[in-house]
Amino acid sequence: MTDDAGTPGGEGPAGEGPSDFIRDIVAADRARGAWGGRTATRFPPEPNGYLHVGHVKSIALNFGLAQEFGGTCNLRLDDTNPTKESTEYVEAIQRDILWLGFRWSGEVLFASDYFEQLYRWAERLIEQGDAYVDEQSADEIRATRGTLTEPGTTSPWRDRPAAESLDLFRRMRAGEFADGSKVLRAKIDMASPNLNLRDPTLYRIRRAHHHRTGDAWCIYPMYDWAHGQSDAIEGITHSICTLEFEDHRPLYEWFLARLGVVDGPRQIEFARLALTHTITSKRKLLHLVTGGHVSGWDDPRMPTVAGMRRRGYTPAALRAFCARIGVARHNSTIDFALLEHALRDDLNRTATRRLAVLRPLELVVENWPEGHTEAFEAVNNPEDPAAGARRVPFGRRLWIERDDFREVPPKGYHRLSPGKEVRLRYACIVKCTGVDKDPATGEVVRVRCTWDEGSRGGNAPDGRKIKSTIHWVAADHAVPFEARLYDHLFPEDPDAAPEGAPAPGGEGEAWLARLLPNSLEVVTTGWAEPALREAAAGVPYQLERVGYFCLDPDAAPPDRLVLNRTIGLRDTWAKLEQRQQAGKPG
RNA sequence: UGCCGGAUCGUCUAAUGGUAGGACGGCGGACUCUGGAUCCGCUAGUCUAGGUUCGAGUCCUAGUCCGGCAGCCA
């Protein structure tokens, strides 16, 4: 199921592939001989949700760097807040990274592995006079932090003797104090223009069961304290994170300096991924899940790795996408079309072709003998001769796509209509001889045609050009299936208030109101060729002229076939027709 | 009125003082047993104003605009 961890998209240091400012930095560091020529990165997710497409960018960067430079990349779960984290997430994260085709160096690591070391270092900070136990409440600490333009004020406990702080800190660990009653703070500068340096909190008391350490601890380190030191413990050279941590870098470096870490890691920030038509906020994604707006973290409409996997996205497409978007230091929003391009590009090369009809219309071949079945050869993938061919049964009664017949064809319509010829893919050329209508509604219920007996296999005996080739399924051999068609969960910019609806004051979860109503359409009328009965999980299919599909886990072959539409084919005609209609006065 | 960071075709991204290039999108065409794929072409950009320089997207100065920061979240 998982494919090779081969080199994704870019070449990096070799030179010919895409590069970016981070690869440049790493290359320069290596050229300088820094860190003894080592390159060590890490991917440090917090296990408080599933990985999404934004993480994929970070994964591709960190693991990619290690691959390209012959370095290492650790997987470290940043599990310092037990109230939000769980083993379910820990496991999902590993599964997703492996599926993407990356392998971490050594064992899976956890920030919680370092709790004891972190604690000892904190005691050292206290002894050095670089940290103190503060007994102010959270509210008081907030109130005395100052504002963006005004300095904060110092805590009354700031200058207590180190021995007293040390004693208190040990008793904090021992569980002598109530949650929230005390914290350990770094003693830096309450007047710093960088708020992160205004005596940041290092430890808080939280009696919460940790998914790994259980009840061993009642104090937990904060991100700033845990992260850099974890990097240092692991010998990370380049600690890559997103732009919002830029202001934390001075703090990151301050801790390292106070602990006397030489040759410590270097923090480098890059712009997180933003995509049109979607959200990449774990908080919001969690809200979609818990609020029942989607079926779960792996809902195929979700931008999560699990969702994309279920939807039929491929690891190769995701990696190619990451190589394409680059890495930079300024915020940007990638057009979703770029992801779709990468997806189609991969799927076109790899997907197994099949014939299936979503919305059937009966087609009767009047000069085909009743009860006679013949099989035509159809190639499995025109992009890949090695994929071979199969035989598809053909009969007098067929299903064709409703869209492929028009009683009154619009301008430029090349498909079937009365008196017109069309090729049935891989089978033969047919000419429409008439239609049967429901006398009550006037609706076309059946299309009649005759086939050109010289066109067996689909080739015109006289070499005449046939404008259109359509797909079909023999009714007597058709396999029913359910198709789930997905569309964007959100409009282009989920955070933009729609025209004429300005958000007054605080708008709470306004983005939720922007959830699109028709992101899921279930079509239960599908008929597929028999070969689809053997559809396998994790294999991409192209239903010719319809789109790319994959088997959904809800399917229970051979009795119940459920196909997810990964993405449609480019549809030039639909675009043309839309434009024609829009152009008409009305 | 604080600090940090950023600004190149519609979007993303190169050009590291020397011809502003690529990708996606859009538009047009060729080809085609998928109106798919493929191929070809077109479209379109250096935030502004000064300065340095033979030469500036790149360096300097001053602006403008955008993003981040006031969790005992990460």
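Values below: every heavy atom of this structure, side chains too, minus hydrogens, waters and symmetry copies. All chains are named by letter (A, B, ...) in the order of the sequence lines, taking the proteins before the strands, and each is independently numbered beginning at 1.
- Comparing the P positions of B/rG57 and B/rG17 gives an interatomic distance of 13 Å, to the nearest angstrom.
- Applying the 3.5 Å distance criterion, the base of B/rG36 shares no donor-acceptor pair with the side chain of A/Arg344.
- Scored by the side chain to side chain contact (heavy atoms under 4.5 Å, CB included) test, A/Pro360 finds A/Val357, A/Trp399, A/Thr525, A/Trp527 as partners (sequence neighbours excluded).
- At the heavy-atom level, A/Tyr413 lies under 4.0 Å from base atoms of the strands shown.
- One finds a salt bridge joining A/Glu246 and A/Arg329 here, because a Lys/Arg side-chain nitrogen approaches an Asp/Glu carboxylate oxygen to under 4.0 Å.
- Residues forming a ring-ring contact (aromatic ring centres under 6.0 Å, His included) with A/Tyr413 (at least two apart in sequence, or on another chain): A/Trp573.
- Following rounding to the nearest Å, A/Leu576 (CG) and B/rG36 (C1') show an atom-to-atom distance of 15 Å.
- The one candidate from A/Arg423, A/Lys431, A/Arg464 that meets the side chain to side chain donor-acceptor pair (under 3.5 Å) condition with A/Asp452 is A/Arg464.
- Each of A/Trp472, A/Tyr426, A/Trp451 was scored for a ring-ring contact (aromatic ring centres under 6.0 Å, His included) with A/Phe394, with one residue passing: A/Trp472.
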Check the interface with nucleotides 1-3 of chain B: list each N/O to N/O pair with the protein under 3.5 Å, or write none.
residue : atom : partner  : partner atom : Å
B/rG2   : N9   : A/Leu148 : O            : 3.3
B/rG2   : N3   : A/Leu148 : O            : 3.0

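- Within the nucleic acid shown, A/Gln542 comes within 4.0 Å of at least one base atom, counting heavy atoms only.
- Taking atom CG of A/Leu251 as the reference point, atom C1' of B/rC4 lies 14 Å away to the nearest angstrom.
- Side-chain contact, A/Arg570 with A/His341: no donor N or O sits under 3.5 Å from an acceptor N or O.
- The CZ-C1' distance, from A/Arg570 to B/rU32, rounds to 14 Å in whole Å.
- Remark: A/Arg249 is not in phosphate contact with B/rC4, judged by side-chain N or O atoms under 4.0 Å from OP1 or OP2.
- Between the side chains of A/Thr242 and A/Glu244, at least one donor-acceptor pair of N or O atoms lies under 3.5 Å.
- Residue A/Arg425 contributes atom CZ, which lies 14 Å from atom P of B/rU32 at whole-angstrom precision.
- At a cut-off of 3.5 angstrom, counting only N and O atoms as typed in the model, there is a donor on one side and an acceptor on the other between the side-chain of A/Glu383 and the base of B/rG36.
- If you check the side chains of A/Asn381 and A/Arg353, you find a donor sitting under 3.5 Å from an acceptor.
- For the contact set between residues 384-392 of chain A and RNA chain B, defined by any heavy atom under 4.0 Å, there are no members.
- A donor-acceptor contact shorter than 3.5 Å links the side chain of A/Thr304 to the backbone of A/Trp297.
- A side-chain donor-acceptor contact under 3.5 Å links A/Arg354 and A/Asn380.
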5'-to-3' dot-bracket of RNA chain B (Watson-Crick, G-U; under 3.5 angstrom; crossing pairs as [ ]; | other strand)
.((((((..((((....[..))))((((((.......))))))...(((((..]....))))))))))).....
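- Scanning for side-chain hydrogen bond (donor to acceptor under 3.5 Å, both in side chains) contacts around A/Arg32 gives A/Asp29, with sequence neighbours left out.
- A/Ser155 and A/Asp199 form no side-chain donor-acceptor contact under 3.5 Å, judged by distance and modelled atom types alone.
- Residues that satisfy the salt bridge (Lys or Arg N to Asp or Glu O under 4.0 Å) test with A/Arg390, not counting sequence neighbours, are A/Glu529.
- For the OP1/OP2 pair of B/rU32 and a distance below 4.0 Å, the side-chain nitrogens and oxygens of A/Lys467 include no atom meeting the criterion.
- Applying the side chain to side chain contact (heavy atoms under 4.5 Å, CB included) criterion to A/Ala208, with sequence neighbours excluded, gives A/Pro82, A/Thr83, A/Arg206.
- Here A/Gly412 lies in heavy-atom contact (under 4.0 Å) with a base.
- The minimum heavy-atom distance linking A/Asn48 with A/Lys282 is given by the pair OD1-NZ, 2.6 Å.
- For the pair A/His52 and A/Leu285, the minimum side-chain heavy-atom distance is below 4.5 Å.
- A/Thr147 comes within contact range of at least one nucleobase, with a heavy-atom separation under 4.0 Å.
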Which atom pairs link the protein and nucleotides 9-13 of chain B when you take only N or O atoms and keep those under 3.5 Å?
residue : atom : partner  : partner atom : Å
B/rU11  : O3'  : A/Thr333 : O            : 3.4
B/rU11  : O2'  : A/Thr333 : O            : 3.2
B/rC12  : OP1  : A/Thr333 : N            : 3.2
B/rC12  : O2'  : A/Ile325 : O            : 3.0
B/rU13  : OP2  : A/His330 : NE2          : 3.3

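- Put simply, CG on A/Asn459 is 11 Å from P on B/rU34, counting in whole angstrom units.
- Proximity of A/Arg579 to the phosphate of B/rC27: a side-chain N or O atom is located under 4.0 Å from OP1 or OP2.
- Shown here are the side chain to side chain contact (heavy atoms under 4.5 Å, CB included) partners of A/His488, two or more places apart in sequence or in another chain: A/His277, A/Phe336, A/Glu340, A/Leu516.
- Taking each heavy atom of A/Ser181 and A/Ala178 in turn, the nearest pair found is OG-O, 2.6 Å.
- Straight-line distance from the CG atom of A/Asp189 to the C1' atom of B/rC4: 16 Å, rounded to whole Å.
- Distance noted for atom C1' between B/rA30 and B/rC66: 44 Å (whole Å).
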What pairs of nitrogen or oxygen atoms, one from the protein and one from nucleotides 72-74 of chain B, lie under 3.5 Å apart?
residue : atom : partner  : partner atom : Å
B/rC72  : OP1  : A/Arg145 : NH2          : 3.0
B/rC72  : N3   : A/Gly180 : O            : 3.4
B/rC72  : N4   : A/Gln136 : O            : 3.1
B/rC72  : N4   : A/Ala138 : N            : 3.0
B/rC72  : N4   : A/Gly180 : O            : 3.0
B/rC73  : OP1  : A/Arg206 : NH1          : 3.4
B/rC73  : OP2  : A/Arg204 : NE           : 3.1
B/rC73  : OP2  : A/Arg204 : NH2          : 2.9
B/rC73  : OP2  : A/Arg206 : NH1          : 3.3
B/rC73  : OP2  : A/Arg206 : NH2          : 2.5
B/rC73  : O3'  : A/Arg204 : NH2          : 3.2
B/rC73  : O2'  : A/Asn81  : ND2          : 3.1
B/rA74  : OP1  : A/Thr80  : OG1          : 2.7
B/rA74  : OP1  : A/Arg204 : NH1          : 3.3
B/rA74  : OP1  : A/Arg204 : NH2          : 2.9
B/rA74  : OP2  : A/Tyr223 : N            : 2.9
B/rA74  : O3'  : A/Asp78  : OD2          : 3.1
B/rA74  : N6   : A/His248 : NE2          : 3.4

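- When only modelled atom types and interatomic distance are considered, A/Asn81 and A/Tyr223 share no side-chain donor-acceptor pair under 3.5 Å.
- In this structure, a donor-acceptor pair under 3.5 Å is absent between the side chains of A/Tyr252 and A/Gln229.
- Candidate nucleotides B/rC27, B/rG35, B/rC24 were compared by shortest atom distance to the side chain of A/His341, and B/rC24 ranks first.
- Base orientation for B/rG57: anti, the chi torsion being more than 90° from 0.
- If you check every strand for non-hydrogen atoms under 4.0 Å, A/Glu544 touches a base.
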Identify the pairs formed between an N or O of the protein and an N or O of nucleotides 64-66 of chain B at a distance under 3.5 Å, and give each distance.
none

